[in-house]
Each structure stands twice: as C-alpha cells, then as structure tokens.
Amino acid sequence: MTQYWLMKSEPDEYGWADLVKAGEGVWDGVRNAQASNNLKAMQVGDLALFYHSRTGLEAVGVMEISAAAFPDPKDKTGRWVAVKVKPVHPLNRPVTLKAMKARPSLADMAMLRQSRLSVAQLNADEWGEILKMAGNGSAAPA
DNA sequence: GCCAACGTTGGC
DNA sequence: GCCAACGTTGGC
C-alpha cells in the first residue's frame, strides 16, 4: 500500500529546484522524534509532497521515496535517520498553506494541526484533494 | 521524575 | 524580524 507524506524544507536551504537538478536527494537533518518516526515508516515507492516552508509556504512538487530509512550520515549521535527521494513531477499550480487551510476536507491534516512537524503523513483523501487543487488530478499524470 | 530554562522551527 | 508553539536539557 502506497503511503503519502508531506516533507518540509526551506527553499533557501534545499528547495524543489535543487532536488530536480540533482535527480535524487538525501532527506536528512530531521531532528524531531515524531518526524523521525515518519521517516522510519516510509517505504520505497511511497509518494511525498515537497513543501517550501518559511519562504513560499506552498507545496510545489511530488517526489517518490527511493530509499527507506538509514542512519543520517550527518548525525553523530546515531539517533536520527534519513531517506532518499526522487522528483516525480512538479505541481501545475503550487498549493499554498492558505489554500489548504481554507479546505474543510483538509482540516485534519497532521501538518496543519501541528505546524512545526516537518515530516507529516497524509491520508489518501488528503493527497487526492491537494493534487486536485494543484491541477495534477488522477486523470492528469505527469 | 518534575519542571523551568533554553533552543529551534515555522507562520505571520 | 518577531513571536508562539513545541521539544529538549539539566538542576534539583
């Protein structure tokens, strides 16, 4: 079963464009227990939204988990994990935080309930709704 | 084991 | 740039 995720990064640090350019990226630097648990639950083939935090405040692209959790190479304590991701396709229209908040059907989204959660899970309905808002509905593959 | 102090994140 | 929310640390 494919799981759906939303992953935040500050575009000044590491943005969608950086990932596209690289072709594959290591999603490291997560230092939050809840977010880390989400990383550990990811499986190859799961899909995730790339969300720009701080500057942008919008989901901009879809990526795929290309490697399951492994120890974060930058973490000396050995406590934290990273995953690998590959870009799948950009969103036709970025979906802003504001737009997500305005949707009653998205009110229960984990990341809306807890804004500081940098890696959050989405259910299939939420995923479908956001992709629809982006103009990347199920009928319109990349 | 509790809780105050501190650091970090992210929306505004 | 500021501040609220949240997590973590460290003294007791």
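Protein chains get the first letters and strands the later ones, always in sequence-line order, with residue 1 at the start of each. Computed from heavy atoms alone, side chains included, the values below leave out hydrogens, waters and symmetry copies.
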Would A:E24 and A:S66 count as a side-chain hydrogen bond (donor to acceptor under 3.5 Å, both in side chains) if you check the C-alpha gap in whole Å, the side-chain angles of each, and the deciding distance to 0.1 Å?
-> CA-CA 8 Å; A:E24 183 174 30; A:S66 56; 2.6 Å; yes
At under 4.0 Å between heavy atoms, what does A:K101 touch on the DNA or RNA strands: base, sugar-phosphate, or nothing?
-> sugar-phosphate
Of A:L97 and A:G29, the one whose nearest nucleotide on DNA chain B sits closer to the 5' end is A:G29
Whole-Å gap separating P (B:dG11) and CZ (A:R113) = 17 Å
How many Å lie between CE on A:M109 and C1' on B:dG10, as a whole number?
-> 15 Å
Does the side chain of A:K98 get closer than 4.0 angstrom to OP1 or OP2 of B:dG11 through an N or O atom?
-> no
With no hydrogens and no angle check, is any side-chain donor or acceptor of A:N38 less than 3.5 Å from a backbone partner on A:V119?
-> yes
Interatomic distance, A:M111 CE vs B:dG11 P [rounded to whole Å] = 6 Å
Whole angstrom is fine here: how far is it from CG in A:L57 over to C1' in B:dG11?
-> 6 Å
Measure from CZ on A:R31 to C1' on C:dC6 and round the result to the nearest Å.
-> 17 Å
Answer yes or no: side-chain N or O of A:R54 and base N or O of B:dG10 forming a donor-acceptor pair under 3.5 Å.
-> yes
In whole angstroms, how far is the C1' atom of B:dT9 from the CE atom of A:M7?
-> 17 Å
Per atom distances to the A:W80 side chain, the nearest of C:dG7, C:dT8, B:dG11 is C:dT8
Interatomic distance where CG belongs to A:N32 and C1' belongs to B:dG10 [whole Å] = 13 Å
Of A:R79 and A:S115, the one whose nearest nucleotide on DNA chain C sits closer to the 5' end is A:S115
Are A:D108 and A:R113 ion-paired here, with the side-chain N under 4.0 Å from a carboxylate O?
-> yes
Can you measure from CE (A:M7) to CD1 (A:I65) and round to the nearest 0.5 angstrom?
-> 5.0 Å
OP1, OP2 of C:dG7 versus side-chain N and O of A:Q114: anything below 4.0 Å?
-> yes
Distance check: side-chain N/O of A:Y51 vs OP1/OP2 of B:dG11, anything under 4.0 Å?
-> yes
